[in-house]
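A short write-up of the structure that comes next.
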Amino acid sequence: MDRRSFLRLTGGGVIAAATATTLPGCSSTLPPEAIAAWQGPGNEPDVRRWILAHAILAPHSHNLQSWLVDLSVPDEITLFIDRSRLLPETDPFSRQMMMSQGTFLELLDQAARQKGLRADITLFPEGVFASTTVDARPTARVRLVADASVQADPLFAHVFTRRTNREAYEARLPPAEALQAIAASTAGAALRTGFVTTEQADAMAQHRRIAKEAWRIELTTPRTVLESFKVLRVGPKEIAQHRDGISLNDPMVRAITALGLFDRTVAPAPDDQATTGQINEFNAHIDGTPAFYWLVTEGNDRVTQVNAGRAWVRAQLAATAQGLSMQPISQALQEYPEVAAPYREIHEQVGAPAPRFTVQMWARLGFAPTIQPSPRRGLDAHIVKA
């Protein structure tokens, strides 16, 4: 979902002129402090901090980074979900949030292996969350144990170059060996993955149709689009201050915001140019995408969701290793009422009828231009007890 370009105006001569006067010399480059975490942790006296400095680079829904850790017990890490960083409108049952806990745990595990440590992960050590809510109990407790038999994971080499790429993808197909490598990255897990490419014209047309309709629904449903507006960070000052959410650093959008013409408390009308322009841009990206990837589980309990998140980041790292990019297109996988039809259709399209099966991830896949990493809040923002 290209939530980073909500606003598109044409004929804006006044706005264009204002850009030159209001934002002289402006750049779309993110502030260095916002992406400093991607430079690596350096030397950390506590190996847990070194490990966690890699875990916080995991992908997360809306880049909310809802990870809290307790380090008060030596050689242990207890992970909690930050309940102030949820998406109650688009992710009402916190399924995507549980997947994001899984992406964190997967990178934690990989980083521990680099230090010759085995990460013994116990999920929900004080009980599993209900199916529709999350609470204050821990998501996981991790005990780190020195183990000479632990082997490093080759996917770890791509942690710092992994990106969620929302740009237009090239038309050329990913090579068969690249698809095989992505599939192999989750071999042995209790899930099923698959691909559809432009070589399968009929199936590709259905995937594109479902993706477009789900995106249209989210963008024209006021409460769901406003949920994204709440975590928009416009311009270097906001991006550096928050270092999370959806970063918008385009000079034109910054000018519009500076002039008070972008009200983030009001959802645009369905026929507003801010809406139709975004729909058209998303549709063009979908039409130009050469392949889609999907990940299905049987069942949808909390443990399954966390493990699906672990598998997702492994697939994304494997794609990175092959020179490919991925972008989740989660709109049709969400459980709010308005999107029920696309939800049913994508499940049927990949042979995973609900409720027995759940499509946990659906993503664009292809070759794309190099982009900057997403902002990160830094390790200390996640530690509740040292």
Side-chain angles (χ1 to χ4, degrees), residues 4 26-69 71 77 79 82 85 100-101 103-117 119 142 144 152-167 231 233-250 309-310 312-314 316-327 368-384 386:
R4 284 174 169 76
C26 63
S27 167
S28 59
T29 302
L30 295 178
E33 60 268 40
I35 55 176
W38 292 91
Q39 300 302 312
N43 294 321
E44 286 283 1
D46 186 338
V47 70
R48 296 175 299 174
R49 288 181 59 90
W50 187 92
I51 290 168
L52 291 169
H54 293 84
I56 64 170
L57 303 181
H60 193 296
S61 297
H62 275 51
N63 193 30
L64 288 184
Q65 306 166 47
S66 60
W67 308 303
L68 296 174
V69 294
L71 303 180
I77 299 170
L79 174 66
D82 186 341
R85 293 173 171 270
S100 297
Q101 297 283 291
T103 62
F104 182 93
L105 288 169
E106 176 61 29
L107 293 197
L108 182 157
D109 185 24
Q110 291 186 21
R113 289 172 178 272
Q114 291 295 119
K115 293 293 189 179
L117 297 171
V142 184
L144 299 172
D153 193 320
L155 293 176
F156 183 78
H158 307 285
V159 167
F160 289 102
T161 53
R162 182 205 61 78
R163 303 284 186 268
T164 295
N165 199 315
R166 298 168 177 83
E167 302 300 319
V231 294
R233 314 306 185 197
V234 180
K237 183 177 179 180
E238 287 187 18
I239 293 170
Q241 175 187 353
H242 295 281
R243 294 183 291 167
D244 65 358
I246 303 162
S247 298
L248 266 174
N249 206 28
D250 179 86
R310 295 190 65 167
W312 161 240
V313 72
R314 291 187 62 81
Q316 203 178 30
L317 289 169
T320 303
Q322 298 297 317
L324 292 164
S325 293
M326 289 177 122
Q327 176 204 356
T370 301
I371 60 169
Q372 299 177 87
S374 298
R376 286 296 184 270
R377 294 191 293 141
L379 177 56
D380 288 334
H382 300 277
I383 298 176
V384 291

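This chain uses plain numbering: 1 for the first residue, then up along the sequence.
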Would you check if Phe104 and Val69 make a side-chain contact, meaning some heavy-atom pair closer than 4.5 Å?
yes

Can Gln39 and Phe160 be said to form a side chain to side chain contact (heavy atoms under 4.5 Å, CB included), step by step?
CA-CA 8 Å; Gln39 300 302 312; Phe160 289 102; over 6 Å; no

Closest approach of Arg376 to Leu57 (non-hydrogen atoms, all atoms of both residues):
NH2-O, 3.4 Å

Minimum-distance pair of heavy atoms, taken over all atoms of Pro373 and Ile35
O-CG2, 3.7 Å

Lys/Arg N to Asp/Glu carboxylate O, Glu238 vs Arg233, below 4.0 Å:
no

Nearest atoms (heavy-atom pairs only) where Ala34 meets Ala240
CB-CA, 4.5 Å

Whether the Ser28 and Gln372 side chains hold a donor-acceptor pair (N or O, under 3.5 Å, no angle test) is what I'd like checked.
no

So which atom in Asn165 and which in Gln327 form the shortest heavy-atom distance, rounded to 0.1 Å?
O-CB, 3.2 Å

For Asp153, which of Arg314, Arg113, Gln114 qualifies under side-chain hydrogen bond (donor to acceptor under 3.5 Å, both in side chains)?
Arg314

State whether the side chain of Ser100 and the backbone N or O of Ser61 hold a donor-acceptor pair below 3.5 Å, judged by distance alone.
yes

Rounded to the nearest 0.5 angstrom, the CD-CZ distance for Gln110 and Arg310 is 8.5 Å

Is there side-chain contact between Gln65 and His382, with heavy atoms separated by less than 4.5 Å?
yes

Any Ser374 side-chain heavy atom under 4.5 Å of His60 side chain
no

Beyond-backbone contact of Ile51 with Val142, side-chain heavy atoms, under 4.5 angstrom
no

Heavy atoms only: give me the nearest Ala111-His54 pair and the separation to one decimal.
CB-CB, 4.0 Å

Would you mind reporting whether Thr29 and Asn249 have side-chain heavy atoms less than 4.5 Å apart?
no

Find out whether the Lys NZ or Arg CZ of Arg163 is both under 6.0 angstrom from the six-membered ring centre of Trp38 and within 45° of the ring's axis.
yes

Between atom CG of Leu68 and atom CD of Gln101, what is the distance when rounded to the nearest 0.5 Å?
8.5 Å

Distance check, rounded to the nearest 0.5 Å: Leu317 atom CG versus Arg162 atom CZ?
7.0 Å

Can you list the steps and then say if Leu108 with Leu79 is a side chain to side chain contact (heavy atoms under 4.5 Å, CB included)?
CA-CA 11 Å; Leu108 182 157; Leu79 174 66; over 6 Å; no

Can you tell me how far CD of Glu33 sits from CD1 of Ile239, rounded to the nearest 0.5 angstrom?
10.0 Å

From Met326 atom CE to Thr164 atom OG1, the distance as rounded to the nearest 0.5 Å
10.0 Å

Determine whether Asp244 and Arg85 make a side-chain contact, defined as any pair of heavy atoms from C-beta on separated by less than 4.5 Å.
yes

Could you walk me through whether Asn63 and Val231 pass the side chain to side chain contact (heavy atoms under 4.5 Å, CB included) check?
CA-CA 9 Å; Asn63 193 30; Val231 294; over 6 Å; no

Any chance you could measure Ile56, atom CD1, to Trp67, atom CH2, to the nearest 0.5 Å?
7.5 Å

Close side-chain approach of Asp380 and Arg49, heavy atoms under 4.5 Å:
yes

Do the side chains of Leu155 and Val313 get nearer than 4.5 Å, heavy atoms only?
no

